[in-house]
Amino acid sequence: MEITRTQELRRIIEAGAASAMSLPEIIQEEIRGFFLSPQYGMMEEAERYYRNRSAVQGKTTRFQNRSNTKIEHPILKKLIDQKVNYLLSRPFSVEGSSPEYTKALEELFDRPFRQKVQSLGKGAVKSGIAWLAPYFENNRLQWMRLPSTEVIPLWQDAEHTRLDGYIRVYSQIVYSGREKKTVARVEFWDKTGVTKYKTQWPVTTSQGLQPDYDGSPAANQFPHFTINGKPYSWGTAPLVWAKYNEEELPLQYFLKELIDDMNWQTSLTADALRDVAKFIFVLKNYGGQGVDQFVRELQEALAIQVEADGGVEKLEPTIHIEAVTALLEKTRRDIFDFGSGVDTKDPELGNASGTAIHFRYMDLDADCASLGAQLQDTFQQMKPFLDQQLLLAGKGDFSHEGFTVTFNADLPVNETDIIQNIQASQGIVSRRTLLANHPWVTNVEAEEKALAQEKQAAMAEFGGNLFPGPTELEAGGQNGRQ
């Protein structure tokens, strides 16, 4: 009977020394396989392309005096940032099953947390899948973005929806005496705790993993977190994730050839334009001593000496700029088309009507809606950790309650039309729903509180005018006697 990788690891832990392979050996083999996997290669390549270093960097020339430009277009960065800013640049709102749960979650969803969610979404588009790890700092729940190239997930199912544990491997610069060196830190996380190792960097199977005691514990096994000196365990692998798509493929995977072609064609055209000045001269009965003298006379005197029937002919390359420009424009359109983005340089976009703008943003909106659905699942993965923090902080037990998150996409809209639609919808949907969709409202709770305060102030003012106080009555009586 076949067993999963996580089941094998658990079996090894339970078997101890009687197992055929030790836990460090299994972990080391998992690391080796991860670094050699296509998924790791795609993530590494996608990171390079995002940092504007594509295949054009491998462009060479066989001739020393010929141009060899390597022009990059940061178009992948533009597309990724566009998606993330469209979906996550504006604050998202949270709605709990009860007002108490909503208020408690809004306190947890502070600015640093929202920045981590934005970073998580960016990492998902860039790498195909991104990770957040919970931890405690000063008795408060925090989240750490782990690079996708550092995490080896141990999935419980083939659909990659449940996580049994994970291995994290990363490099760290340390000082040993007067020597500076790079070591590898290896962490094995499961539902009970974390086991830490260290070895040389890069990790190889020839060098075994050594327990990383970190100075104080008697062993290299640690709890998930510690509060006031007391160890705690989450009861599950402490890691949440967000996928860009079900296949966990980065955006760069779908655009690589188009980006490469755009960079190569631009670079080759630039080479040709730079080399226009390097004409091929055909000399006939040249009166000088050689080619070097010819070049010197041409550069210094702008003239050359020839025999009676001599002359100079010039061969010029033919560059079809119009054809190259048309090809580059088509490639650019294809990149935005198949990358589900909006080309803001499109000259027709500025004069488009509201309906046309919605049509232009349709692909971007659909792609970001898919990413938003993945992030909704991420928030549900976060829920046990959020509830545990609220329980430890004495806020209450909300484990049986639910919450939803609403993303406020940054779609160019006609605010007047939206406000008119909201006014027309009064009495049909709740005021809270209307406030959540109002373009000027970023915090529904704060807006409801402000409206209630304005209403109370208006009622107090109205009541004071309707029933004048004793001072006003007295003043009126004195005026009457006069």
Side-chain angles (χ1 to χ4, degrees), residues 5 9 21-54 57 77 115-116 119-120 122-137 142-155 163 165-190 193-217 219-225 237-242 248 250 252:
R5 290 186 299 166
L9 289 173
M21 291 182 68
S22 66
L23 177 61
E25 289 174 335
I26 290 288
I27 292 176
Q28 207 159 359
E29 182 62 26
E30 290 289 332
I31 294 173
R32 187 190 70 84
F34 176 66
F35 284 157
L36 295 176
S37 67
Q39 183 75 17
Y40 180 82
M42 282 190 297
M43 291 188 294
E44 284 271 277
E45 186 178 63
E47 181 66 29
R48 290 196 304 270
Y49 273 62
Y50 180 82
R51 295 177 180 270
N52 212 30
R53 284 298 174 266
S54 68
Q57 293 299 317
K77 181 180 186 302
Q115 290 176 338
K116 290 294 175 64
S119 176
L120 182 72
K122 179 178 179 179
V125 181
K126 184 167 61 174
S127 302
I129 188 170
W131 309 92
L132 272 182
Y135 70 99
F136 272 88
E137 185 176 67
Q142 305 288 347
W143 297 88
M144 179 188 301
R145 262 275 286 124
L146 300 182
S148 300
T149 52
E150 293 183 1
V151 177
I152 307 172
L154 303 174
W155 297 106
L163 196 68
Y166 71 95
I167 300 168
R168 184 190 176 198
V169 53
Y170 60 98
S171 62
Q172 188 178 51
I173 296 177
V174 299
Y175 287 87
S176 178
R178 302 180 64 87
E179 181 185 0
K180 177 182 177 181
K181 61 181 181 178
T182 303
V183 299
R185 301 287 185 185
V186 179
E187 301 171 358
F188 171 63
W189 294 77
D190 62 4
V194 53
T195 307
K196 297 183 179 182
Y197 301 92
K198 61 183 178 181
T199 185
Q200 64 180 13
W201 184 266
V203 180
T204 61
T205 54
S206 60
Q207 181 75 19
L209 299 181
Q210 304 298 321
D212 192 354
Y213 297 102
D214 202 23
S216 54
N220 61 327
Q221 298 181 356
F222 301 81
H224 285 156
F225 63 96
L239 192 68
V240 302
W241 62 91
E248 302 171 19
Q252 181 267 351

Any side-chain heavy atom of Arg145 sitting closer than 4.5 Å to one from Leu132? yes
Specify the closest pair of heavy atoms between Ala237 and Gly165, including all atoms of both residues, with the distance to one decimal. CB-CA, 3.8 Å
Could you pull out the closest heavy-atom pair between Tyr197 and Pro24, with the gap in Å? CE2-CG, 3.6 Å
Do Glu25 side-chain atoms and Ser22 backbone N/O form a donor-acceptor pair below 3.5 Å? yes
Check: Glu47 side chain, Thr149 main-chain N or O, donor-acceptor pair, under 3.5 Å: no
Which value, rounded to the nearest 0.5 Å, describes the distance between Ser37 atom OG and Met43 atom CE? 6.5 Å
Do the side chains of Arg185 and Lys196 get nearer than 4.5 Å, heavy atoms only? no
Do Val151 and Ile129 touch side chain to side chain, with heavy atoms closer than 4.5 Å? no
Nearest 0.5 Å please: distance from the CD atom of Glu187 over to the OG1 atom of Thr195. 10.0 Å
I need the minimum non-hydrogen distance between Val183 and Trp201, along with the two atoms involved. C-CB, 3.9 Å
Can you name the nearest heavy-atom pair linking Phe34 to Tyr40, along with the distance? O-CB, 3.1 Å
Please report the interatomic distance CD1(Ile27) to CG(Leu154), rounded to the nearest 0.5 Å. 9.0 Å
NZ/Lys77 to NZ/Lys126 distance, rounded to the nearest 0.5 angstrom? 9.5 Å
Please report the shortest heavy-atom distance between Ser148 and Ser127, naming the atom on each side. OG-CB, 3.5 Å
Axial cation check for Tyr170 ring with Arg168, 6.0 Å and 45° limits: yes
Side-chain contact, heavy-atom cut-off 4.5 Å: Pro202 with Phe35? no
Any non-hydrogen side-chain atom of Thr199 less than 4.5 Å from a side-chain atom of Gln210? no
Is there a side-chain contact between Asp212 and Phe222, using heavy atoms and a 4.5 Å cut-off? no
Under 4.5 Å between any side-chain heavy atoms of Trp189 and His224, yes or no? yes
Leu146 versus Ala133, closest heavy-atom pair with distance: CD1-CB, 3.9 Å
side-chain contact (heavy atoms from CB on, under 4.5 Å), that's the test. Do Trp143 and Leu120 meet it? Break it down for me. CA-CA 11 Å; Trp143 297 88; Leu120 182 72; over 6 Å; no
How long is the straight-line distance from CH2 of Trp241 back to OH of Tyr166, given to the nearest 0.5 Å? 12.0 Å
Could you tell me if the side chain of Val194 sits less than 4.5 Å from the side chain of Phe188, heavy atoms only? no
Sequence neighbours excluded, which residues qualify as side-chain hydrogen bond (donor to acceptor under 3.5 Å, both in side chains) partners of Glu44? none
Nearest 0.5 angstrom please: Ile167 CD1 to Gln28 CD, how far? 10.5 Å
